[in-house]
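We're numbering straight along the sequence, starting at 1. Computed from a predicted model, the values in this text were never measured in an experiment.
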Amino acid sequence: MRLKPEITSAVTASALLGAVALIGLTGCSSASKTPRPHQGGRPVESADPGGSVDLRQWITGFTDRITQSGGYRLPTANERHAIADGVRLVLDGKQPEAERSLSAVGYTLRTLVDRDGGMEVAEIADATKDGEARRGWGRIYVDLRGPARWSVQVPHPTADQRTEQLGIGLLRSSPGGVLVVAGAHRNAGADGDEREEEDAADVAHRSDSVFAAVSDTLADRRLPAIQVHGFADSSSPGNDVVVSPGKGDAGLPAARRLSNALRKLHLRTCEVWQRDCGRLEGRTNVEGDHADAVDVPFLHVEHSRRVRDDDRLLAQSVRALTEVTKRWSTGRR
């Protein structure tokens, strides 16, 4: 896939993506789209010429700006649908239509190349830092090495510290991934008349978010998902990871596979289908509810603070998760 920039002023216009087919989502260019200012806002940070970035630093730079005091605005139904449609159109290889749908709500589409290994990803993000800070709707990254086969969801960046590192690690490790990252702290306040809704930004439990709309669109395309979370060590003493297939059973084979892989790496695991794992089972997760409704595998995976604070243990968890996503990359469940 090639997303070519047209050389124009970043202050006056957005660069148009090149008219090259996205069919199959195979990456073949390192071009970057120049972001368009939206409603007077500041453009998002610029990549190096050719769209080259350290993807881990790039995404971490985004999540590091997410704070509990940051803004969040509930999107309208039309806004949610426009971004979800943009993702769907990217996966369908309909680049011009995708760009039109996204730009209508102040989002932009461009290609980034990861300096670590050369992987190309399509980034779908708010066109300005101001928009990101005010609206908090998040970003989506689509691996361009082949057709989309699975997704990893990070609903609580900052609140569940370093969970974005799990998502980035998985995206880099297995072909065919789509990374969905929320754009606000789960306790961020809503704007205006919505401020009384204290849980407005908790996208794992709100169906009226961009995060849920995109995740549901991916599930409707039969893409299985892993949603990563974090818990305080005191919430499940003696456990490093809590593995759940969510509300349904479609993800149970993958959950068993993951649990076995974690144990082989000496990570202590609580399996919700075997015993009570407390309030970490993900049974009320809205993305899991939708996956269950369409009979698509969904894993809700909680990681202790001990694991997330230790680079070695975090890498081991990514390695175990990759046992699942590599299988999904081949179309197997």
Quick one: do Arg73 and Arg135 satisfy side chain to side chain contact (heavy atoms under 4.5 Å, CB included)? Show the steps, please.
-> CA-CA 5 Å; Arg73 175 173 72 77; Arg135 304 194 294 185; 3.7 Å; yes
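- Between the Asp114 side chain and the Gly117 main chain, no donor and acceptor come within less than 3.5 Å of each other.
- Within 6.0 Å of CZ on Arg222 lie more than 12 heavy atoms contributed by other residues, nucleotides or ligands.
- Look at Asp216 and Arg80 and you find no salt bridge, because none of the NZ, NE, NH1 or NH2 atoms lies under 4.0 Å from a carboxylate O.
- Put simply, the residue from Leu218, Val214, Leu109 that forms a side-chain contact (heavy atoms from CB on, under 4.5 Å) with Ile140 is Val214.
- Checking Asp240 against His266 by side-chain atom types alone, no donor-acceptor pair falls below 3.5 Å.
- Note on Leu252: it clusters hydrophobically with Leu299, by side-chain heavy-atom contacts below 4.5 Å among ILVMFWY residues.
- Side chain of Thr163 to backbone of Asp160: a donor-acceptor contact under 3.5 angstrom is found.
- At least one side-chain heavy atom of Arg139 sits less than 4.5 Å from a side-chain heavy atom of Glu132.
- For the side-chain contact (heavy atoms from CB on, under 4.5 Å) criterion with Arg186, the lone passing option out of Thr158, Asp202, Val203, Ile66 is Asp202.
- Between Arg306 and Asp310 there is no salt bridge, since no side-chain N of the basic residue sits under 4.0 Å from a carboxylate O of the acidic one.
- Checked by atom type, the side-chain pair Arg308/Ser304 shows no donor-acceptor distance below 3.5 Å.
- For Asp64 and Arg162, the salt-bridge test fails: no basic side-chain N is under 4.0 Å from an acidic carboxylate O.
- Nearest heavy-atom pair across Val318 and Gly169 is CG1-C, 3.8 Å.
- Contacts of Asp220 classified as side-chain contact (heavy atoms from CB on, under 4.5 Å), with partners at least two apart in sequence or in another chain: His290, Val294.
- The existence of a salt bridge linking Lys94 and Glu99 is excluded, since no basic side-chain nitrogen approaches an acidic carboxylate oxygen closer than 4.0 Å.
- Residues meeting the side-chain hydrogen bond (donor to acceptor under 3.5 Å, both in side chains) test with Ser236, sequence neighbours left out: Asn239.
- Looking at Thr60 and Gln57, their side chains never bring a donor and an acceptor atom within 3.5 Å of each other.
- In this structure, Val181 is not a member of the same hydrophobic cluster as Phe298, with clusters built from ILVMFWY side-chain heavy atoms closer than 4.5 Å.
- Residues Ser244 and Glu281 have side chains that never bring a donor and an acceptor to within less than 3.5 angstrom of each other.
- Gln165 and Arg56 form a side-chain donor-acceptor contact under 3.5 Å, judged by distance and modelled atom types alone.
- Checking side-chain atoms of Ser259 against main-chain N and O of Ala255 turns up no donor-acceptor pair under 3.5 Å.
- A donor-acceptor contact shorter than 3.5 Å links the side chain of Asp233 to the backbone of Arg305.
- Aromatic pair His303/His229: centroids not less than 6.0 angstrom apart.
- Trp328 has its side chain within reach of Ile226: a pair of non-hydrogen atoms, C-beta onward, lies under 4.5 Å apart.
- The closest donor-acceptor contact from the side chain of Arg327 to the backbone of Arg332 lies at 3.5 Å or more, if one exists at all.
- Formation of a donor-acceptor pair under 3.5 Å by the Arg65 side chain with backbone atoms of Gly61 is found in this model.
- Although no hydrogens or angles enter the test, the distance criterion places no donor-acceptor pair under 3.5 Å between the side chain of Arg257 and the main chain of Ala320.
- Looking at Glu123 and Thr111, their side chains never bring a donor and an acceptor atom within 3.5 Å of each other.
- Here the side chains of Val180 and Phe211 are in contact, with some heavy-atom distance below 4.5 Å.
- You'll find the side chain of Leu55 stays beyond 4.5 Å of the side chain of Asp116, heavy atoms only.
- Taken together through direct or relayed side-chain contacts under 4.5 Å among Ile, Leu, Val, Met, Phe, Trp and Tyr, Phe231 and Val152 form part of one hydrophobic cluster.
- Counted by atom type alone, Gln227 and Glu287 present one or more donor-acceptor pairs between their side chains at under 3.5 Å.
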What do the steps show when you test Ser52 against Arg115 for side-chain hydrogen bond (donor to acceptor under 3.5 Å, both in side chains), and what is the final call?
-> CA-CA 6 Å; Ser52 176; Arg115 295 192 197 110; 3.2 Å; yes
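- No side-chain donor from either of Ser329 and Arg149 sits under 3.5 Å from a side-chain acceptor of the other.
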